[in-house]
2 protein chains.
Amino acid sequence: MKVGTAALTVDAAGMRAQNSSLLLNMIWRERQISRAEIARRTELSPSTVSAIVADLEHSGLVRSIGAGVSRGGRRPTLIGFRDDAFSIIGVEMGATHVTVVLTDLRGRVRTHRTAAQQVRNDPEGTLKTVRTLVQECLDAERVPRRSVVGLGVAAPSPVHPSAPGKLSPLILPAWRGYDVREALNTTFDLPVFVDNDANLGALAECYWGAGIGGEDLTYIKLATGIGSGHIIHGDVYRGAGGTAGEIGHIAVDSAGPPCLCGLRGCLVTLIGSGALVERARELMGTKGRKAPTVREIVEGARAGDPAARQIIDGLGQYLGVAVAGLLNLLNPAIVVLGGEISSVGDLLLDPLRASVRKRALSTSMAETRIVTSALGDKSIAVGAATLVLQAALRDRTLFPLQHVGKSA
Amino acid sequence: MKVGTAALTVDAAGMRAQNSSLLLNMIWRERQISRAEIARRTELSPSTVSAIVADLEHSGLVRSIGAGVSRGGRRPTLIGFRDDAFSIIGVEMGATHVTVVLTDLRGRVRTHRTAAQQVRNDPEGTLKTVRTLVQECLDAERVPRRSVVGLGVAAPSPVHPSAPGKLSPLILPAWRGYDVREALNTTFDLPVFVDNDANLGALAECYWGAGIGGEDLTYIKLATGIGSGHIIHGDVYRGAGGTAGEIGHIAVDSAGPPCLCGLRGCLVTLIGSGALVERARELMGTKGRKAPTVREIVEGARAGDPAARQIIDGLGQYLGVAVAGLLNLLNPAIVVLGGEISSVGDLLLDPLRASVRKRALSTSMAETRIVTSALGDKSIAVGAATLVLQAALRDRTLFPLQHVGKSA
DNA sequence: ACTGGTTTCTTCGCAGTGCGAACGAAGTTT
DNA sequence: AAACTTCGTTCGCACTGCGAAGAAACCAGT
């Protein structure tokens, strides 16, 4: 692994690697496609395509899956991607829990495990929990480690591009000195990729959710904290210091309450779960003694409770200020809202869009769709696995080479 | 030119093209470097490097420039980039003027022309002016058209990636139906590249200004309008609809004055030249009857005039709100301020930085430098030329092939 | 059923590219 | 002056993709 000004030089082998990756990606995207069709689209010669496909088939990544429909002559042999050829592990370290998923090469969850875990202040315990859950997932599906591509980790902290295992000492002081990547790499002897949770939520949306097929998208995670991640030209954009996407600390109300970060009127103090619950206690509170939950707000809003709807309205309006700024500055093709509260759908989208319309240029809005996520509660962990998938689809050598003998 | 999912396949020729471009870029960046050094850095074999350099030399882009210092053996032959091998034309269409520059391949201005021109409402006149000035520049330096790489144009409007010659009908309604790229392409029979002025200011800073060597930068142009451009991974980022960087219409004061765009409290209504001049009239106004100019504010502030300083302070504070949002969202490595008013330097940077510090996460600020531009008033036009240079350095075939006979 | 045309995929020789070893050229050091 | 180092070139080799030719498989019309 070269660092810095990687001199991306090409020799004969590199040429093959490049074309091979291109083909692999095409087969992955299309799910099934004939050699002839590949040749037409890539403008590679039929002979070359055949040679490369044979390579890929031999490595177990693709296989023939019967004949397609004729176009007036011999019927084509369809090549399909073997989604189950390898597995990937995705880990989400949340604020108070750890979720681990085992996925195939199509982002499908084959097994998953979740455990409550205080992540902020307990690095040792967290790492132990992660190790246990990962092993459980592997065991449950009887997946040998050599058929696992790698391990992706979502961390509730910015991740600096130059030290992708270390978490931010400002956000998670207790993790100072720990290197998640190294720790898990030594345990499982697998490649480990780490990134911020919102960034991975964005990646998941880009691959499996609202952003399918697109290359520019912003994901906003509405939870205890408010984070966002940008996909730019198909890649996670991390910024110079890895803190791109900290939308939660944009000041939207200079007269707002003070925030933990030392500033005033941060978005998170107004629409973070804490603020929503607090507001719910004021408006809906008399019903019960204990504090309402986000889930109750969602259910209330769905059921037509005016107080809950009012809370969602307020959320949409505040969020609109930040999203308007986002549209003007970045002009993404899609903005996806995630997090539990986003499941109210249009109840949130309507006031949000109205708020954005009042604050963003119409030209910025014209090409941007604002939607809520359709992925479930494991989307962040799946996004972590996707990070590994993305890397492997670009660099085939990341797939564990099984020097296939004759094992069918 | 393929559009859409360009299948970037590689054959033997493509391999050569890729390595050739890599070498060309290295020689361009280093200005002078030996074959041996290139081989070491690229990990290409010495024989390959020699072959490619011979190619480049034959095409006139590089040449031997004597011997370097020995490293304990034979002295290396230094290869240098021929900055004067070709010329590039850069055009800035401002609000009320047109500037044309003729540069070499190092961004140096060899000739320039400026003319007053109402651009907004007079497409015909503007195109005519551009044509005249371009021809004047070519004539002045006796540059034959075949030694010009291409023509870059900066437009005071967002430029949609899918129709790079058409200007936004919302911002410049009079230009509806005009295609700048096509118009100039037919006149001069040269490749034409069009982009937004702030984007090209950003590109200029990245190549010749504060951002040299970096790959992620945001440029903010403070003028009649407030625009910004992002360079991400070395490329202009245009967003989904070409309107990325419209920082001028971020709402920073919900109680602020109405803006032309229909919103309230837009940055531009508070710190655009118009607002600054207006404020100057209030504070400094009694001196003369006619409205003060931005230049007078700059001079006043430099001379210590408290009113002028107060204006600059206010500018810094408002701008800080937007920049803080920018840092949190994008976390660029450098923010460069351009436009006439930015020439006051620290007088603006100090209040700006203070304002940002109050509103952005310290982690976002940690890796970001905020500076003022050191490039002159032709920076936008030079940026337009740079767009052409960038394209040609990536794709050597854009350099007009002079099938060199024996002309030294 | 048969024939001609079409499409798919493979085979095989060719051309272009980068590599590595060997070599000569040019300097430095002892 | 001799030994060593570095630079750049030459030449045969291995690998890649290409193109022509051909075999296989299929469709449509008679």
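Letters A, B, ... are given to chains in the order of the sequence lines, protein chains preceding strands, and every chain is numbered from 1.
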### Task
To the nearest Å, give me how far apart CZ (B/Arg35) and P (C/dA25) are.
17 Å

### Task
Evaluate whether atom CD of A/Glu141 has more than 12 neighbouring non-hydrogen atoms of other residues, nucleotides or ligands under 6.0 angstrom away.
yes

#### Entry: Between C/dG18 (C1') and B/Leu22 (CG): distance, integer Å
14 Å

#### Entry: Touch class at under 4.0 angstrom, heavy-atom based, for B/Val49 against every strand present
nothing

### Query
Are any non-hydrogen side-chain atoms of A/Ser87 and A/Arg110 less than 4.5 angstrom apart?
yes

### Summary
Here the residues of residues 69-80 of chain B within 4.0 Å heavy-atom distance, strictly under, of DNA chain D are B/Arg71, B/Gly72, B/Gly73, B/Arg74, B/Pro76, B/Thr77

### Task
Return no unless some side-chain N or O of B/Thr48 is found under 4.0 Å from OP1 or OP2 of C/dC19.
yes

#### Entry: Residue whose closest nucleotide on DNA chain C lies nearer the 5' end, B/Asn19 versus A/Ser47
A/Ser47

### Message
Let's test your reading of the model: under 3.5 Å, does the base of C/dG18 pair with the side chain of A/Thr9 as donor and acceptor?
### Response
no

### Query
For the atom pair CG (B/Leu393) and CD (B/Gln390), what is the distance rounded to the nearest 0.5 Å?
8.5 Å

### Task
Let me know the distance between CG of A/Leu44 and P of D/dG19, rounded to the nearest Å.
10 Å

Pairs under 3.5 Å (N/O, protein and nucleotides 28-30 of chain D):
none

### Message
Which residue is it: B/Thr103, B/Ile89, B/Leu105? I am looking for the one with a side chain to side chain contact (heavy atoms under 4.5 Å, CB included) to B/Val149.
### Response
B/Leu105

### Query
Taking atom P of D/dA14 as reference, at what distance in whole Å does atom CE of B/Met15 sit?
16 Å

### Query
C/dC9 C1' sits how many Å from A/Ile38 CD1, rounded?
12 Å

### Task
Looking only at side-chain atoms of A/Asp11, point me to the closest of C/dT11, D/dT16, C/dG18.
C/dG18

### Query
Under the 3.5 angstrom rule, does the side chain of A/Asp216 hit a backbone N or O of B/Gly239 as a donor-acceptor pair?
no

### Query
Whole-Å distance between C/dT17 C1' and B/Asp55 CG?
12 Å

### Message
Going by salt bridge (Lys or Arg N to Asp or Glu O under 4.0 Å), name the pairs with one or both residues in residues 16-26 of chain A, residues two or more places apart or in two chains.
### Response
A/Arg16-A/Asp55

### Query
Judged by atom type as modelled, is there a donor-acceptor pair below 3.5 Å linking the side chain of B/Ser21 to the main-chain atoms of B/Arg394?
yes

### Query
In whole angstroms, how far is the P atom of C/dT17 from the CD atom of B/Glu43?
22 Å

### Task
Using atom CD of A/Gln18 as one end and atom C1' of D/dC15 as the other, report the distance to the nearest whole Å.
15 Å

### Query
B/Arg106 side chain to B/Trp28 main-chain N or O, any donor-acceptor pair under 3.5 Å?
yes

### Query
Does the A/Glu205 side chain pair with the main chain of A/Ala210, one donor and one acceptor, at a distance under 3.5 Å?
yes

### Query
What nucleotide among C/dC9, D/dT10, C/dG18 has an atom nearest to a side-chain atom of A/Ala36?
C/dC9

